[in-house]
Amino acid sequence: MKRYWELIIIAAFAIFVIGAFYIQKAVAENQLPTFEWKKQAGNDDFIARAQLGGSLMEDLYHNELMISADGTTYRSELSLVEELEGMRKHPIIEELQAEHRNFMRGKDGLTRFYEDDKLLVYAEADSKWDRQTYTESDFQLNIDVLYKDKNDKVSFTVNIPNQDDYRYMMVEDVVVTNENLHVITRNELVTTDDQMSNELRIYRINLTGEKLINEESIVTYTNGGEDNNTEIMLLQDPEDIEKNNDIVFQADYYEPEQLEDGSYQDVVKDSKLFTFNLETREKVQLDIPKKLQKQEIIPVNDDNIYFLHNTAKGIEITTFAIAEQKVTNSFQIELPKQPDMPEIDEKAAELTGETAVTDAEINWGQYRMKDGKLYITSGKQTESSNLSMHVVDLNNGDILYKGKLERTDNPKAGTAYSLDFYEMTVK
């Protein structure tokens with residue numbers, strides 16, 4: 001009998017928890033702020049493609065939300081299953097899941113995909129974890145290929161040579177050229193000292209033969225040392241899963257610098273950009289003008305590199321053509337000033353090639369490039385200010401859309417709130 005009472009209590013508790021969840025959800029839905037974009041100029045079709053993810057803080061109440069042309073969606077409005085799954089599934093992943101449900105089962109991570117008209121490819125690094133030695137071993141690449149014309153899925157595994165050289169491996173990019181799959185990985189190397197040594201490595205795999213053709217290191221770098229550190233960042237746009245033949249990466253070289261209080265911090269002493277062509281296997285250092293070297297870089301998804309820089313009235317966008325290795329365009333866009341943005345000394349910037357504030361203290365918020373257009377937010381969303389969105393044609397600087405985010409419910413007078421955004425996606 002005691003056993004039955006335990007089951008009844010457990011069932012009643014489960015019903016109570018689920019019921020409380022939906023009661024709280026229903027109450028919260030009637031009180032949540034709503035937001036929408038108000039066009040000031042341009043074409044609404046552009047803002048319809050954008051989606052912002054962030055969090056709302058109002059009267060000590062915190063809630064995650066997504067804002068798009070369809071309205072405002074809060075985490076608390078989701079079903080229990082949807083909330084457990086989370087709000088941050090990328091729209092490209094959702095689209096692939098809708099189109100290729102069986103192939104996409106259990107797959108995630110944009111950097112692991114490649115797609116064109118004929119193929120959808122997924123590559124994932126796998127290994128075994130040894131709990132006694134706390135090391136990884138038996139590294140391999142698991143490859144799944146969907147041939148769209150036949151709706152035929154092929155899966156195979158590639159064992160990684162020189163297993164003992166690596167501590168860890170992760171896939172950074174996947175590209176297909178001439179029926180050869182190129183998997184770019186970031187590998188942590190086994191070393192005999194305290195420094196961490198890493199590399200970007202490329203594995204070339206013949207899709208027809210399902211075998212490894214060759215492998216090579218693109219760049220090797222160290223960090224964790226006392227005197228200098230190097231960081232390598234792949235600049236490919238993760239949303240561009242139909243990629244080109246050139247891999248672009250940035251190398252930042254740090255050295256310790258003593259502060260006024262006697263402590264040390266690592267500062268960037270040099271920064272270089274490189275391209276690596278997947279067909280010719282040639283690595284080239286780009287001759288970037290000094291003025292651009294410390295500026296923000298938009299993730300690369302075409303034949304240009306775009307640099308962002310603060311100005312007194314907004315931002316400057318500079319186009320650097322990779323093939324020609326030269327600046328081909330530059331223009332400025334006026335943006336609403338951030339409420340806490342310091343003044344910029346334009347004359348000092350012209351002399352030194354740097355603004356009086358760093359690009360960490362920026363005029364812009366979230367940004368994303370899509371089809372040659374830059375989507376960029378500026379300002380802040382609070383009870384006294386509005387977030388702005390600009391869509392800019394990167395070919396000529398034309399403003400294709402300009403708008404601001406407005407609260408559409410009726411809050412009580414004096415209600416304070418703030419919206420902080422952490423991501424933007426563009427369909």
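Counting from 1, the numbers follow the sequence of the chain as shown.
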- Verdict with supporting geometry, Y401 and W37, side chain to side chain contact (heavy atoms under 4.5 Å, CB included): CA-CA 11 Å; Y401 174 86; W37 291 105; 3.7 Å; yes
- Item | Verdict with supporting geometry, D237 and K370, salt bridge (Lys or Arg N to Asp or Glu O under 4.0 Å) | CA-CA 10 Å; D237 186 348; K370 187 75 172 183; over 6 Å; no
- Item | Verdict with supporting geometry, Y147 and D149, side chain to side chain donor-acceptor pair (under 3.5 Å) | CA-CA 6 Å; Y147 293 91; D149 55 345; over 6 Å; no
- Query: side chain to side chain donor-acceptor pair (under 3.5 Å) between H182 and T177: does it pass, once the steps are laid out?
  - Reply: CA-CA 8 Å; H182 309 263; T177 63; 2.7 Å; yes
- Message: Evaluate S271 against Q250 for side chain to side chain donor-acceptor pair (under 3.5 Å), listing each step before the verdict.
- Response: CA-CA 7 Å; S271 184; Q250 179 176 348; 3.0 Å; yes
- Just do the salt bridge (Lys or Arg N to Asp or Glu O under 4.0 Å) check on E199 and R201 with the steps written out, would you? CA-CA 6 Å; E199 69 173 354; R201 196 168 191 85; 3.1 Å; yes
- Message: Checking K427 against E94 for the salt bridge (Lys or Arg N to Asp or Glu O under 4.0 Å) test, could you report, in this order, the C-alpha distance in whole Å, the side-chain angles of both residues, the deciding distance, and whether it holds?
- Response: CA-CA 11 Å; K427 299 179 181 179; E94 289 183 335; over 6 Å; no
- Run the side chain to side chain contact (heavy atoms under 4.5 Å, CB included) check on E64 and Y422 step by step: do they pass? CA-CA 10 Å; E64 289 190 63; Y422 47 74; 2.9 Å; yes
- side chain to side chain contact (heavy atoms under 4.5 Å, CB included) between I92 and E239: does it pass, once the steps are laid out? CA-CA 8 Å; I92 293 178; E239 294 190 357; 3.9 Å; yes
- Task: Given side chain to side chain contact (heavy atoms under 4.5 Å, CB included), test I184 with F276 step by step and report yes or no.
- Result: CA-CA 11 Å; I184 295 92; F276 182 87; over 6 Å; no
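By the neighbour-count criterion of 12 heavy atoms within 6.0 Å, atom CG of D152 is densely surrounded, having more than that number from other residues, nucleotides or ligands. Shown here is E179, whose CD atom has no more than 12 heavy atoms of other residues, nucleotides or ligands within 6.0 Å. Residue K373 qualifies as enclosed at atom NZ: its count of foreign heavy atoms under 6.0 Å is above 12. Residue-environment remark: NZ (K153) exceeds the threshold of 12 foreign heavy atoms within 6.0 Å.
Taking 4.5 Å as the limit, every side-chain heavy atom of S155 sits out of range of all side-chain heavy atoms of Y122. Proximity of T377 to L405: side-chain heavy atoms (C-beta onward) are nowhere separated by under 4.5 Å. Residues L207 and V154 have side chains not in contact (no heavy-atom distance under 4.5 Å, counting atoms from C-beta outward). Side-chain atoms of K269 and E257, non-hydrogen and from C-beta on, do get closer than 4.5 Å to each other. The shortest side-chain heavy-atom distance between L387 and L419 does not fall under the 4.5 Å cut-off. With contacts defined as side-chain heavy-atom distances shorter than 4.5 Å, the pair M57/D420 does not qualify. Between I218 and F274, the closest side-chain pair of non-hydrogen atoms is not below 4.5 Å. Counting heavy atoms from C-beta on, the side chains of T185 and I160 never come closer than 4.5 Å.
With Q293 contributing its side chain and I288 its backbone, the two residues share a donor-acceptor pair below 3.5 Å. Looking only at distances, no side-chain donor or acceptor of N187 sits under 3.5 Å from a matching main-chain atom of L189. In terms of modelled atom types and a separation under 3.5 Å, the side chain of N206 and the main chain of G209 share a donor-acceptor contact. In terms of modelled atom types and a separation under 3.5 Å, the side chain of T73 and the main chain of M66 share no donor-acceptor contact. At distances below 3.5 Å, at least one donor-acceptor pair connects side-chain atoms of D302 with backbone N or O atoms of N304. In this structure, the side chain of E188 does not engage the main chain of Y168 through any donor-acceptor pair within 3.5 Å. Panel note: side chain N329, backbone N395; a donor-acceptor pair is recorded below 3.5 Å. A donor-acceptor pair is defined here as one N or O able to donate and one able to accept, closer than 3.5 Å; no such pair exists between the side chain of Q236 and the backbone of D173.
For the residue pair E316 and S330, a side-chain donor N or O sits within less than 3.5 Å of a side-chain acceptor on the partner. Residues N142 and Q140 have side chains that bring a donor and an acceptor to within less than 3.5 angstrom of each other. Side chains of H390 and S378: no donor on one and acceptor on the other come within 3.5 Å. Under the 3.5 Å distance criterion, with hydrogens and angles disregarded, no donor-acceptor pair is assigned to the side chains of T328 and T319. Neither side chain, E216 nor N214, offers a donor N or O lying under 3.5 Å from an acceptor on the other.
What you find for M369 and P299 is that their closest heavy atoms are CE-O, 3.8 Å. Considering all non-hydrogen atoms of both residues, A50 and Y375 come closest at CB-CD2, 4.2 Å. When all heavy atoms of Q163 and S137 are compared, the closest pair comes out as OE1-C, 4.1 Å. Here the shortest heavy-atom pairing between V219 and F249 reads CG1-CE1, 3.9 Å. The nearest pair of heavy atoms linking E115 to L120 is CB-CD1, 3.8 Å. Considering all non-hydrogen atoms of both residues, T382 and S418 come closest at CG2-CB, 4.2 Å.
With values rounded to the nearest 0.5 angstrom, Q265 atom CD is found 13.5 Å from E255 atom CD. Separating the CG atom in L181 from the CD1 atom in I202 is a distance of 9.5 Å, to the nearest 0.5 Å. One finds the CD1 atom of I317 at 12.0 Å from the CD atom of E296 (value rounded to the nearest 0.5 Å). Atoms CD1 and CD1, from I315 and I376 in turn, are 3.5 Å apart once rounded to the nearest 0.5 Å. Here the straight-line distance linking atom CG of N63 with atom OG of S55 works out to 9.0 Å at 0.5 Å rounding. Within the model, atoms CG of L146 and CZ of F103 stand 5.5 Å from one another, a figure rounded to the nearest 0.5 Å.
A salt bridge is defined here as a Lys NZ or Arg NE, NH1 or NH2 lying under 4.0 Å from an Asp or Glu carboxylate O, and K107 with E124 fails to meet this definition. A salt bridge between E423 and R368 is absent, with no side-chain N of the basic residue lying under 4.0 Å from a carboxylate O of the acidic one. A salt bridge links K404 to E406: at least one charged side-chain nitrogen sits closer than 4.0 Å to a carboxylate oxygen. In summary, E99 and K148 do not engage in a salt bridge, as defined by a charged side-chain N under 4.0 Å from a carboxylate O.
Between F307 and F320, the ring planes lie perpendicular to each other; the angle is over 60°, past the 30° to 60° tilted range.
Only one option out of Q381, R407, E58 pairs with Y417 in a side chain to side chain donor-acceptor pair (under 3.5 Å); it is Q381.
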